[in-house]
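One structure is given here, and the rest of the page talks about it.
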Protein chains: 4
Amino acid sequence: MKFNDLQPIYIQIMDYIKYLIIKGELKPLEKIPSVRDIASELKVNPNTVQRSYQELDREGVIFAQRGLGNFVTENPEIIDNLKNNKVDEILNIFIEEISKLGINREESIKLLNESWDKHEKSIRN
Amino acid sequence: MKFNDLQPIYIQIMDYIKYLIIKGELKPLEKIPSVRDIASELKVNPNTVQRSYQELDREGVIFAQRGLGNFVTENPEIIDNLKNNKVDEILNIFIEEISKLGINREESIKLLNESWDKHEKSIRN
Amino acid sequence: MKFNDLQPIYIQIMDYIKYLIIKGELKPLEKIPSVRDIASELKVNPNTVQRSYQELDREGVIFAQRGLGNFVTENPEIIDNLKNNKVDEILNIFIEEISKLGINREESIKLLNESWDKHEKSIRN
Amino acid sequence: MKFNDLQPIYIQIMDYIKYLIIKGELKPLEKIPSVRDIASELKVNPNTVQRSYQELDREGVIFAQRGLGNFVTENPEIIDNLKNNKVDEILNIFIEEISKLGINREESIKLLNESWDKHEKSIRN
DNA sequence: GTGGTCTAGACCACA
DNA sequence: GTGGTCTAGACCACA
């Protein structure tokens, strides 16, 4: 994982954990790596990871159990929300960027369909 | 304009100039701001801006005239190419990101249509 | 039992013993746990517990019998006093805190009645 | 201000700021002391104060303005909530403690009235 | 071992 | 000057 400097590292770690949960690589009630493990893996200070985990705890995405570790929430509603928010973000960025180039709704859908054609072809090969 | 640390600054400046040309804010044969002006505006070393302009010149996007400044190409093919490349980039990022979340072609189009609906409503108000 | 650092530990142990007597969990003439038992249970130095017991003895709340242990006083007046002092403390803290928020006598009684309503409802369920 | 060890320092600082707001000593939109000022006054590390302020910000009680300072919210609803929560806390502690001593609702109200009598007399003198 | 809090100190962003 | 982030390192609480 590489960090950029547009957002604080602790936010980027949060987004990464959320992303793993959305993709289902971290399942409900599953233990997530310890603060220290993540810190040494990402070469980041444990305090920074700790902060990410505490924010995620506050958002209800994970919960901490002292002496045991941090675990993914079992609340499906929260996980659905994570996914919906991420999808909305991707859609909005797309619409914003494509609009800035002067491309309208109809054209954007047409171009997207063509692009999916190419994408599916390249996967088949 | 803000820089990130994922790409060299001179590339980011190039992308910005290209973006202005695509949007039509810089028109064919129009003079673009001097290296020194851009440098002081972006608080960047003039050499960095100079490098961006040289690359853009090499790509045929702009051309330099000694003693006069840099000007946008009048070749419509190059400008079209700029736009197409940018559009392709946006489309590919969208498909890649939405696929990573396990959303397929059909669903992505459906979601995009819904998102356009919301977008158009919010603009009307 | 947890200790805080606002008062000496021996005072906190005294308060705890008094509290058990007030509630009737330690009855008149009943033997109270030995210094060593309390010390190991609370993970405290036996000298500290010893001091608590000596003070309680001095106050007449308990009395020591060499070779036998410590026993709760049978003097009902002393036990009543314990209770009255504790009750006064609770009342005074309440009045002090509620006054600091700018709430007067009338309002405090009204709020207390409402709070008792809620309390009794929550117990019934 | 003195800290105890029953709660983290940053929570105690939060409670203190909330208390000042409830009492009206810090008014809506008023600037609260800077992180560094509070830190040196309370002889606490600036990071600890920073954390308190950020939590209060997240709760909507104050808001930070980079380069300017932290300010009390102007949202009266949030301030009312602060007060109501504090009052509830005082009432609940009172009922819990007085119940533990075997005193019921009627008696507690009677005792409170008597205690208010004493309190008012002592103030008059 | 694992999370939680705190200090000391540095450096950045914003005004 | 003021808030925001991060590192290094210590020590505590819980299991």
Side-chain angles (χ1 to χ4, degrees), chain A residues 1-17 29-73, chain B residues 1-5 42-44, chain C residues 1-5 42-44, chain D residues 1-17 29-73:
Chain A
M1 188 187 183
K2 286 191 184 175
F3 299 115
N4 63 52
D5 62 351
L6 297 179
Q7 281 181 308
I9 291 175
Y10 80 92
I11 300 275
Q12 296 182 54
I13 294 174
M14 287 175 69
D15 285 344
Y16 182 60
I17 300 290
L29 296 185
E30 188 174 339
K31 185 180 182 300
I32 67 178
S34 80
V35 170
R36 285 169 177 82
D37 283 358
I38 290 284
S40 76
E41 190 191 322
L42 300 183
K43 284 166 192 165
V44 154
N45 190 286
N47 280 329
T48 303
V49 181
Q50 176 71 10
R51 181 163 184 187
S52 308
Y53 280 18
Q54 272 177 352
E55 297 281 344
L56 288 170
D57 190 329
R58 198 166 299 131
E59 293 183 3
V61 176
I62 67 178
F63 60 93
Q65 284 201 284
R66 214 175 184 138
L68 291 176
N70 285 280
F71 302 83
V72 177
T73 180
Chain B
M1 187 190 182
K2 287 193 183 178
F3 299 114
N4 62 54
D5 62 352
L42 300 184
K43 286 166 191 166
V44 155
Chain C
M1 187 190 183
K2 288 193 182 177
F3 298 114
N4 62 52
D5 62 352
L42 301 183
K43 285 166 191 166
V44 155
Chain D
M1 187 187 184
K2 286 190 185 177
F3 299 115
N4 63 52
D5 63 351
L6 297 178
Q7 281 181 308
I9 292 175
Y10 80 92
I11 299 276
Q12 297 182 53
I13 295 173
M14 286 175 69
D15 285 343
Y16 182 59
I17 299 291
L29 296 185
E30 188 173 340
K31 185 179 181 303
I32 67 178
S34 80
V35 169
R36 285 168 177 83
D37 283 358
I38 290 283
S40 76
E41 190 190 322
L42 300 183
K43 285 167 192 164
V44 155
N45 190 287
N47 279 328
T48 303
V49 180
Q50 176 70 11
R51 181 164 183 186
S52 307
Y53 280 17
Q54 271 178 352
E55 297 281 344
L56 288 169
D57 190 330
R58 198 167 297 130
E59 293 184 2
V61 175
I62 67 178
F63 60 93
Q65 285 201 283
R66 215 174 184 141
L68 291 175
N70 285 280
F71 302 83
V72 177
T73 179

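Residue numbering restarts at 1 for every chain, and letters A, B, ... go by the order of the sequence lines. Since the model is a prediction, treat every value here as computed from it, not as a measurement.
When the C1' atom of E/dG4 is taken as reference, atom CG of A/Leu68 falls 14 Å away, rounded to whole Å. The CZ-C1' distance, from C/Phe3 to F/dC12, rounds to 17 Å in whole Å. To the nearest angstrom, P of F/dG3 lies 9 Å from CD1 of D/Ile62. Atom CG in A/Asn45 sits roughly 9 Å away from atom C1' in F/dG9 (whole-Å rounding). For the pair A/Asp5 CG and F/dC6 C1', the interatomic distance rounds to 14 Å; values are reported in whole Å. For D/Ile11 and E/dG4, the CD1 to P distance is 12 Å, given to the nearest whole Å. Here F/dT7 presents its C1' atom at 13 Å from CD1 of A/Ile13, a figure rounded to the nearest Å. D/Arg66 has its CZ atom 8 Å from the C1' atom of E/dC12, to the nearest Å.
The base of F/dG9 sits within donor-acceptor range of the side chain of A/Asn47, with an N or O pair under 3.5 Å. One N or O donor and one acceptor, one from the side chain of A/Arg36 and one from the base of E/dG3, sit under 3.5 Å apart.
In this model, the phosphate group of F/dT7 is approached by a side-chain N or O of A/Thr48 to a distance below 4.0 Å at OP1 or OP2. Residue A/Gln50 places at least one side-chain N or O under 4.0 Å from the OP1 or OP2 atom of E/dG4. Phosphate proximity of E/dT2 to A/Asn70: absent, as no side-chain N or O sits under 4.0 Å from OP1 or OP2. In this model, the phosphate group of E/dC6 is not approached by any side-chain N or O of D/Tyr10 to a distance below 4.0 Å at OP1 or OP2.
Nearer to the 5' terminus of DNA chain F, by closest-nucleotide assignment, is the contact made by D/Gly67 (compared with the other of A/Val44 and D/Gly67). Residue order along DNA chain E, read from the 5' end via each residue's closest nucleotide, puts A/Ile32 first among A/Ile32 and D/Pro8. For the pair D/Lys31 and A/Gln7, both in contact range of DNA chain F, the more 5′-proximal nearest nucleotide belongs to D/Lys31.
Across all strands shown, D/Tyr53 has no heavy atoms under 4.0 Å from either base or sugar-phosphate atoms. Looking at heavy-atom distances under 4.0 Å, D/Gln54 makes contact with sugar-phosphate atoms alone, never a base. Across all strands, A/Arg51 comes closer than 4.0 Å only to sugar-phosphate atoms, never to a base (heavy-atom distances).
Here the CG-OG distance, from D/Asn70 to D/Ser52, works out to 10.5 Å after rounding to the nearest 0.5 Å.
Judged purely by atom type and a 3.5 angstrom limit, D/Thr73 has no side-chain atom pairing as donor or acceptor with the backbone of D/Val61. A side-chain donor-acceptor contact under 3.5 Å links A/Gln12 to the backbone of A/Asn4. Looking at A/Asp5, its side chain does come within 3.5 Å of a backbone N or O of B/Asp5 through a donor-acceptor pair.
The partner of F/dA10 is E/dT5, by the rule that a Watson-Crick or G-U pair needs both atom distances under 3.5 Å.
Classification of A/Arg36 and A/Glu41 as a salt-bridged pair fails, no side-chain N sitting under 4.0 Å from a carboxylate O. D/Arg58 and A/Glu55 are joined by a salt bridge, as a carboxylate oxygen and a charged side-chain nitrogen come within less than 4.0 angstrom of each other.
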